[in-house]
Every structure is written in C-alpha cells, then in structure tokens.
Amino acid sequence: MKFSISNIFKGDKVVWMIFLFLCVISLIEVFSSSSTLTYDKTNYWAPLTKHGVILAAGVVLMVVVQNIDCKYFKVCTIFLLIISLITLLWVLVAGQVTNGAQRWMSILGIQFQPSEIAKGTIVLAVAQILSAMQTDEGAEEKAFSYVLTIACPLMFLIMLENLSTAALIGMVVVCMMFYAHVSLRKIGKLIGIVALFGAFGLAFILLVGKTQEAPDGKNSLTEQTTAAAAKNESSLEKIFHRTGTWKGRILKFLSSNDVPPEEFDLDKDAQVGYSNIAIASSEGVGKGPGNSEMRDLLPQAFSDFIYAIIIEELGLAGGIFVMFLYIFLLWRAGRIADRCANNFPAFLVMGLALLLVFQAMFNMMVAVGLAPVTGQPLPLISKGGTSTIINCIYIGVILSVSISAKKKDVRTTSDSAAPATV
C-alpha cells in the first residue's frame, strides 16, 4: 500500500483535530507544570521527553487501532474480561502502593493500573450485550440484568481502591443503557437502589473511616498517613483502608465553614489551597504559557490538578476552550453513532466518548472546587503512562467506528442516486 498522510489521518477529521489540540495543550502544560519533576531528576527536558515518548506510543497504537474493523473488537471482549478480573484481584492482594492507594501492578518492569483496562472493558462488554439484545421496541428485558452481572463485580473491585473511577464507570453504564432504550422503569429503580446504597456507604465511611492524628494535634487525612496506618490493620480493615481518605475528602468538601485566608492550612490542604490560588491569580486573562507560579507548590500539578495550571497560564478563555474540546468530542461521537448501520459500534463509540468526557468533567470540577478531591487525571492532557496510552486507544476505536460509518454513508448515497429499474 502506498504511504500517504491520508492513510494515517483516516476517520473523522473533527475527532482528529480535537485530539491534536489536546496533545498540543498536553505537551505545553506538562512541560510547564513539571518543575518539581525537573528538580528531582536534575534534567530540564526529562519530564517532557518521557511524556512525549508515551504520547507518541499512544498515537502509534491509536493509528493501528483505527485500522481495525469494528467487528473484531467483539472478539477481544471475553479475553479482556478475564484479564481485567485477574489483574483487579491481583492488585488488591499484591498491588503496589502509590500516594496511599494500592492501584498499581508491574509486569516486566512496566507499571500500570488495571482499572484503566477494566474501564474500557466494561464499556466494550456492555455495548456488546445491549447491541445483541436490541429489538424494534428497545433493549430486551434481560439485557438489564446481563449488564449488571458483567459490570457490577468489576466495578466493586475497582471501588475498593478507586471510588471515583467506579462512580464514573457507573454513570457511563447508566447512560449507555438509557441510549440503548433499556426500560426507564428499570433504570429508575437502579438509580434508586444506588442512591440507597450510596447513603449506607456514606454512613459506613463516616463511621468506619479513621482520621490520623497529625503532630500538631489536628486531624490529618493525608494519603501517606493512611497508607502507613494500613500496615497494622486487620485483613478486613486493609480492604477498606481507603475509607479514612474518603471520609476526610467528603468532610472537607461538605464543610460550610468559611476559613479566612490567613487561617487556611496549606500544609494540610495543599491541593485545594494552591489550586484556588492558581485560578484566582490568573485574574481571568492568564499569565501566559510557562509563567505559572503555583506549579512549584501545587502537588500533582502535572496530573490531577493540571486544569488549575491551564487556567492560571491561559486564563478563563483557555479553560473554557479545553472544556469545549471535550464537549465537541462527545457531540461528534453522537454524530458518528447516528451514522452507524449497526447498534454495537454506535453503543461502543458513545460509551467511550462518555467515559472520556465524564472523567474530564470530574477533573475540572475538582480543580475549581465543585467536587471532592479525586485521583482522576485530565484525559489526553495530564502526564501519565497507562491512562495516556489507553485513552489514545479509545480515540482509535472512535476513529475506527467513524471510518465504517463513513463507508455506510457512501453506500447509502450511491444507492439513493442509482436510477430506478423496472
């Protein structure tokens, strides 16, 4: 096959443009916000080089995936379900702890989060179930129970170490069932049951969650102290060792006490405090790329809180632009889904787009103080390893579906233009 640029940039051009914009913003902002990593490694270019290599690897995989026919994704479902289940169980038993959370495992020296693989696997499995059980009136009654049977066990295993990710996947699954015309009565009951369990879960967290006593006598819920305390806990307590962290975040978010700036404890609430300072110091117009001052003080400035750095440097206009990139991605995915001849690619592309956009909205809401602190990076922008590559693969799947949908449009147009025969 003759090489050409068109053989690489196939699929929906709008999705490609959105992806390239996000990549450019990622390279600029990761380079700007990685000052602490630069200091640790004593290498000015090391953080950007590593992130660029990971992003380049993600782009290569994305191009490979976009050239795979959508029907072959179904073949991967059972294998990915088995891999996800095994790795999620393994990470609970012998996972590596980072920032107080046991979410990581390493194979052949490559560290990754099994939850990143499980997220896309759940979407893939749910799309296959819903498409296989579609009728003219919508999804069959049994589709609802089948979806829960597949999704709930994996979501529970994810929840034990990453509550926000489990909640994110749950929202995506519900939206996919709504899009697939699952009975609204069943969806309503599910939401009610989830709300009830959520209330019990909140009560459980507030009752069982333990705060750690800081040296100054104040309650401290840092990730490090929670992880250290987990070493002396029973097996059951180790499983739910994250309750202390969750409790602290919930209480801080729900607290109605207005703390004067001079009394705000930046040592205990560094992420929230410096994120607010970064956004406020932008004065709406931003300081310009590379001119952030809070990047040296804000923990995880290059990852979980990179959106605060974006606003500090690019102003409100830059923050709004990034937000609309994700909204346009969801809108474009909807257009692609509408053109699909079959249900499976339509459900798959919508599920993956919802997964990316919901995660982005979670991250942005945390950065501006509209949600409790979570460990959700900004998709395709935050510095990352597993998440960056997996998100590129998601985009590749969306592009693959857009290619088959485009072929369908061409066939439909040709058929309608053909002269009638007797």
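Counting begins at 1 with the first residue of the sequence.
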Partner set under salt bridge (Lys or Arg N to Asp or Glu O under 4.0 Å) for D12, not counting sequence neighbours
R332
E293 meets the salt bridge (Lys or Arg N to Asp or Glu O under 4.0 Å) criterion, sequence neighbours left out, with K287
Distance alone, cut at 3.5 Å: any donor-acceptor contact between the side chains of [X] and [Y]?
{"X": "E141", "Y": "S183", "value": "no"}
{"X": "T386", "Y": "Q113", "value": "no"}
{"X": "S292", "Y": "S32", "value": "no"}

[X] side chain vs [Y] backbone, donor-acceptor pair below 3.5 Å:
{"X": "S382", "Y": "S303", "value": "yes"}
{"X": "N363", "Y": "D304", "value": "yes"}
{"X": "S282", "Y": "V285", "value": "no"}
{"X": "Q134", "Y": "A180", "value": "yes"}
{"X": "Q359", "Y": "P377", "value": "yes"}
{"X": "S33", "Y": "I306", "value": "no"}
{"X": "S402", "Y": "L399", "value": "yes"}
{"X": "S26", "Y": "L22", "value": "no"}
{"X": "W16", "Y": "G11", "value": "no"}

If the condition is side-chain contact (heavy atoms from CB on, under 4.5 Å), which residues does A333 pass it with, not counting sequence neighbours?
V349, M350, A353
F197: partners by side-chain contact (heavy atoms from CB on, under 4.5 Å), with sequence neighbours left out:
I193
Should [X] and [Y] count as side-chain neighbours, where that means a heavy-atom distance under 4.5 Å?
{"X": "I398", "Y": "L348", "result": "no"}
{"X": "V366", "Y": "Q376", "result": "no"}
{"X": "E29", "Y": "Y307", "result": "no"}
{"X": "N276", "Y": "V368", "result": "no"}
{"X": "L124", "Y": "L80", "result": "yes"}
{"X": "L148", "Y": "V173", "result": "no"}
{"X": "R295", "Y": "E312", "result": "no"}
{"X": "H181", "Y": "E137", "result": "no"}

Shortest non-hydrogen contact from [X] toward [Y]:
{"X": "I150", "Y": "A125", "answer": "CG2-CB, 3.8 Å"}
{"X": "M133", "Y": "K142", "answer": "CE-CB, 3.7 Å"}
{"X": "V401", "Y": "C340", "answer": "CG1-SG, 3.5 Å"}
{"X": "V172", "Y": "G351", "answer": "CG1-O, 3.6 Å"}
{"X": "A308", "Y": "A278", "answer": "O-CB, 4.0 Å"}
{"X": "V174", "Y": "I187", "answer": "CG1-CG2, 4.0 Å"}

Between T87 and I117, does the side chain to side chain contact (heavy atoms under 4.5 Å, CB included) criterion hold? Intermediate values first, please.
CA-CA 9 Å; T87 54; I117 299 175; 5.7 Å; no
Do I381 and Y326 pass the side chain to side chain contact (heavy atoms under 4.5 Å, CB included) test, and can you show the C-alpha distance, the side-chain angles, and the key distance before you say yes or no?
CA-CA 11 Å; I381 291 183; Y326 292 104; 3.6 Å; yes
Hey, could you give me the [atom1]/[atom2] distance between [X] and [Y], rounded to the nearest 0.5 Å?
{"X": "L380", "Y": "N391", "atom1": "CG", "atom2": "CG", "value": "5.0 Å"}
{"X": "L298", "Y": "I277", "atom1": "CG", "atom2": "CD1", "value": "9.5 Å"}
{"X": "I320", "Y": "I327", "atom1": "CD1", "atom2": "CD1", "value": "10.0 Å"}
{"X": "M361", "Y": "F358", "atom1": "CE", "atom2": "CZ", "value": "9.0 Å"}
{"X": "M159", "Y": "S164", "atom1": "CE", "atom2": "OG", "value": "12.0 Å"}
{"X": "L356", "Y": "L378", "atom1": "CG", "atom2": "CG", "value": "10.5 Å"}

Under 6.0 Å from the ring centre and within 45 degrees of the ring axis: does the NZ or CZ of K74 meet both conditions for the six-membered ring of F344?
yes
Mind checking what makes ring-ring contact (aromatic ring centres under 6.0 Å, His included) contact with F19, not counting sequence neighbours?
none
Verdict with supporting geometry, L354 and L330, side chain to side chain contact (heavy atoms under 4.5 Å, CB included)
CA-CA 7 Å; L354 286 168; L330 182 60; 3.8 Å; yes
Residue pairs involving residues 47-75 (criterion ring-ring contact (aromatic ring centres under 6.0 Å, His included); sequence neighbours excluded):
none
Please determine which of V65, L61, L352, L329 meets the side chain to side chain contact (heavy atoms under 4.5 Å, CB included) test together with I395.
L329
Residue pair M62, I393: steps toward the side chain to side chain contact (heavy atoms under 4.5 Å, CB included) verdict
CA-CA 5 Å; M62 183 184 74; I393 292 175; over 6 Å; no
F31 ring center near F302 ring center (under 6.0 Å)
no
More than 12 heavy atoms of other residues, nucleotides or ligands under 6.0 Å from OH of Y179: is that the case?
yes
